[in-house]
Every structure is written in structure tokens, then in C-alpha cells.
Amino acid sequence: MRRDFSLIMRSALGLVVLVVSLARAGEDFDARALRRIQNPPLGLPPVPVPAENPPTPEKIALGRKLFFDRRLSVNNTMSCGMCHVPEQGFTSNELATPVGVEGRTVRRNSPTVINVAYVQQVFHDGRETSIETQPISPLTAHNEMANPSMGFVLARIVSLDDYDGRFERVFGGGPTVDRLGQALSAWQRTLVAANSPFDRWKFGGDENALTAEQKRGFALFNGKASCSTCHTVDREFALFTDDGFHDTGIGYFREEVAPADASPLPVEMAPGVVIPVERDYLDAISEKREPDLGRFEVTQKPEDKWRFRTPSLRNVAVTAPYMHDGSLRTLEDVVRFYARGGVTHPGLDPLLRPIDLSEHDVAALVAFLQGLTSPDLAELVADARSVAVGD
């Protein structure tokens, strides 16, 4: 995964050149984005679009601008795109959990916004049921963008000259909470990416699209490893999620087991330079971490304690680190975690159990997961970065 991340970063300059070249050639990113909604790539179903928020090129352009505007944070330093970095799979590869305004701790990993159009319950705990309403939480969370209220955000937008008339031209009226959410979601809904080697093999009939090892990995995925129980594959498309909530033991371990461990923690001081640091020292200089009870915080049902939403596995090779807390760094780590049966405790999901996987099996499963990467990611990055070209 580190090698994959390096390749992504080395390609960033090339993507900037692509953005400029396309802009000079008269490429219309907004029209292309709209076509992605209207004609989703191989392997994905029709994009769900609310009747009250039909996409238009102008609305998409406004949403893209808002997503990358740091002025929408309380002190003009944070944008949505700083936790959902386009070149890093629209998440943050360097951090287990992102850093908010003034370095404040955010307790959960940044989920990718690729294919977020298909997510039925948003956030790791599913507390929102629409990407139209989702932006309110990060915009007003004290440890994220830290605005004191949505009214404050709207007043900020009204005060900015480059937004003068933009909402009026798109919506027929000035900025409101609803219109802000509609614009942001209109652009995010265009971030669809499939047509992966797996899709071309499974749904396109190209027998050469996957390697023999990847095909073996898919057989394990559906068979002995039982991954497809939660990461579902349908006959004509695959979202690779059951849209459910499951307790893998990660939350239990983080809240009940890890605090009792007094051994030093490995801290990466520089790329590849890791030293052990005593926990007492880290506790003395660290912000106190809030507990995380998962889905229970939404439903208040005891059985939902430490349950988190099943993420899609599409483009998973470029969206490390993994799990709701970013505690697993590589796909190999994830496969081995599930092979162990998660973390045993009374609330563990009954679907999880130890699986006898050989190293060859692990490699095959990882190879299959790497075959879920879309070739269209570069276009999504170019689209995202086009906001800096003459917006």
C-alpha cells in the first residue's frame, strides 16, 4: 500500500498537467460530470437522484467549488477536500483519523466519497440518510470545520464576492442550508467509479481482464472466506456492501482492551522512522480521546454498541487505512484480521469466525481486491482539481 500511495503522489503533477490541458482544450468538466450520473460505468446500477435535487452543470460546478473552499471553516483553513483528498482516493492515506481545525482530533477515519451516491446511511454510524443533509455535521463539528452554526456558514458565503449571484443563478434564490446541501451533494453524486478489471470480467465478459490469481481470490471471496456475505455482489452490478452495521470487535478492542495496554506505542517520526514512545508521555501531550460506541450513539439500542456501517470495497486498494478508526494499514492486515475472526467478545457479529487461510489465499484475496480499482479515478481527480482553473 505504501508503494501504491507513492505512485499516486508521483502522478499528481501529471494530473495537474491533465487538468490544465483539458481546460485549454475547452473540456467541460461539469458536462462530463453530469454524464457520469446519467450513464454510470460498467458494474454500477443507475445513480439514485432525489426528485427535489435534479443535477445541472451549474449546480455541479457550485458544489465542487464549495467542497474545496477553505473559507467555509471557522478560521478559513479547512475544506471538505482536505480530509477527502482526491489524489488519495478521496480520503486521507497518511492518517488513521483526520485532523480538524487547529489540529483537533477527529475520532473516525475519513470515508471515501467515491460512489457516495449509493450510500443509504451516511457516516460510519449511519446517522444521516441523505448526502444532502450530510454536510451539516462536519461544517459545525467543533473538531472538524468548527463553525458555530449553519447561519454563520451562510453569512460567510453571502459575504464572499465570488459567490455573488451563484446560488441565485442555480436555485433562483440565495444561500440556504437546503441549497448548500443540494449543491454539495450534486457534485459528490458525480464521483462514480467502476469499470474495473473485475467489472470487465464479471459484467463485461472479458476473460482476460482478471488474472488467474484474482479469479481465485474472487472464488475465496464468495466461498471459504465468506466476504460476499456483507460485501455483496448482484447479478448485474456490485456495490460490495449490504448497507448494514456489524460489530467486528475493532470498537470493543479500542475502548475496552487497548486502554489497559501499558506497552510503548510505535510512533512514526518520519517516513520509515518509527520509535517506541511511552504511553504516559503520549497521554500527557495528547488531546483526550472521546469514546466511540458506533451505531449505538444513533439508535441508543444496546445491541448496536460498536456496530459500524459496512463500507463498499470498490477502489479499496487506494483508500487506506482501513476500518472505522483507520487502525489497519494494509489490505493484507484486513484480510488477516478477518481470517482470525475479528476480536472475540460477547457482542461480536455471529457472521465472523476464524477462517483457515494460507498465505497463498491471503495473496489471492488481496489481488482480487486490487482488481476493484477503477481506471476512471484520474478523471475524477482532474475534475476535482479543475476548480482551481478559472473558477
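Along the sequence shown, residues are numbered consecutively beginning with 1.
If you look at Phe90 and His84, their ring centroids are not closer than 6.0 Å.
Annotation: the span from Asn315 atom CG to Thr373 atom OG1 amounts to 5.5 Å, rounded to 0.5 Å. Met145 CE to Arg104 CZ: the interatomic distance, rounded to the nearest 0.5 Å, is 12.5 Å.
Applying the salt bridge (charged side-chain N to carboxylate O under 4.0 Å, His left out) test to residues at least two apart or on different chains, the pairs with a partner in residues 224-250 are Lys224-Asp361.
Tested against Trp306, the residues Arg295, Arg254, Glu256 include a single side chain to side chain contact (heavy atoms under 4.5 Å, CB included) partner, Glu256.
Defined by atom type and a distance below 3.5 Å, a donor-acceptor pair is missing between the side-chain atoms of Glu52 and Gln182. Asp333 and Thr330 are linked by a side-chain donor-acceptor pair at a separation below 3.5 angstrom, with hydrogens and angles left out of the test. With no hydrogens or angles considered, no side-chain donor-acceptor pair links Ser312 and Asn115 at under 3.5 Å. Under 3.5 Å, the side chains of Asn147 and Arg156 contain no donor-acceptor pair of N or O atoms. A side-chain donor from one of Glu132 and Ser130 sits under 3.5 Å from a side-chain acceptor of the other. Using modelled atom types and a 3.5 Å distance limit, the side chains of Tyr322 and Asn109 yield no donor-acceptor pair. Using a 3.5 Å distance cut-off with no hydrogens or angles, the side chains of Asp178 and Thr176 do not pair a donor with an acceptor.
Partners of His324 according to the ring-ring contact (aromatic ring centres under 6.0 Å, His included) rule, which considers only residues two or more places apart in sequence or in another chain, are Phe308. In this view, Asp304 and Thr299, Arg307 satisfy the side chain to side chain donor-acceptor pair (under 3.5 Å) rule, not counting sequence neighbours.
Ion pairing between a basic and an acidic side chain is recognised when a charged N comes within 4.0 Å of a carboxylate O; Arg127 and Glu297 show no such pairing. Between Arg309 and Glu128 there is no salt bridge, since none of the side-chain N atoms of the basic residue sits less than 4.0 Å from a carboxylate O of the acidic one.
Note: Phe221 and Phe240 have perpendicular aromatic rings, judged against thresholds of 30 and 60 degrees for the angle between ring planes. Taking the six-membered ring for Trp and thresholds of 30 and 60 degrees, Trp187 and Phe68 have ring planes more than 60 degrees apart, a perpendicular arrangement. In this structure, Tyr163 and Phe167 have tilted ring planes: the angle between them lies in the 30° to 60° band.
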(request) May I have the step-by-step check of side-chain contact (heavy atoms from CB on, under 4.5 Å) for Asn76 and Arg70, ending in yes or no? (result) CA-CA 5 Å; Asn76 304 300; Arg70 298 188 186 198; 5.5 Å; no

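Both the sub-6.0 Å distance and the 45° axial angle are not jointly satisfied by Arg32 relative to the ring of Phe29.
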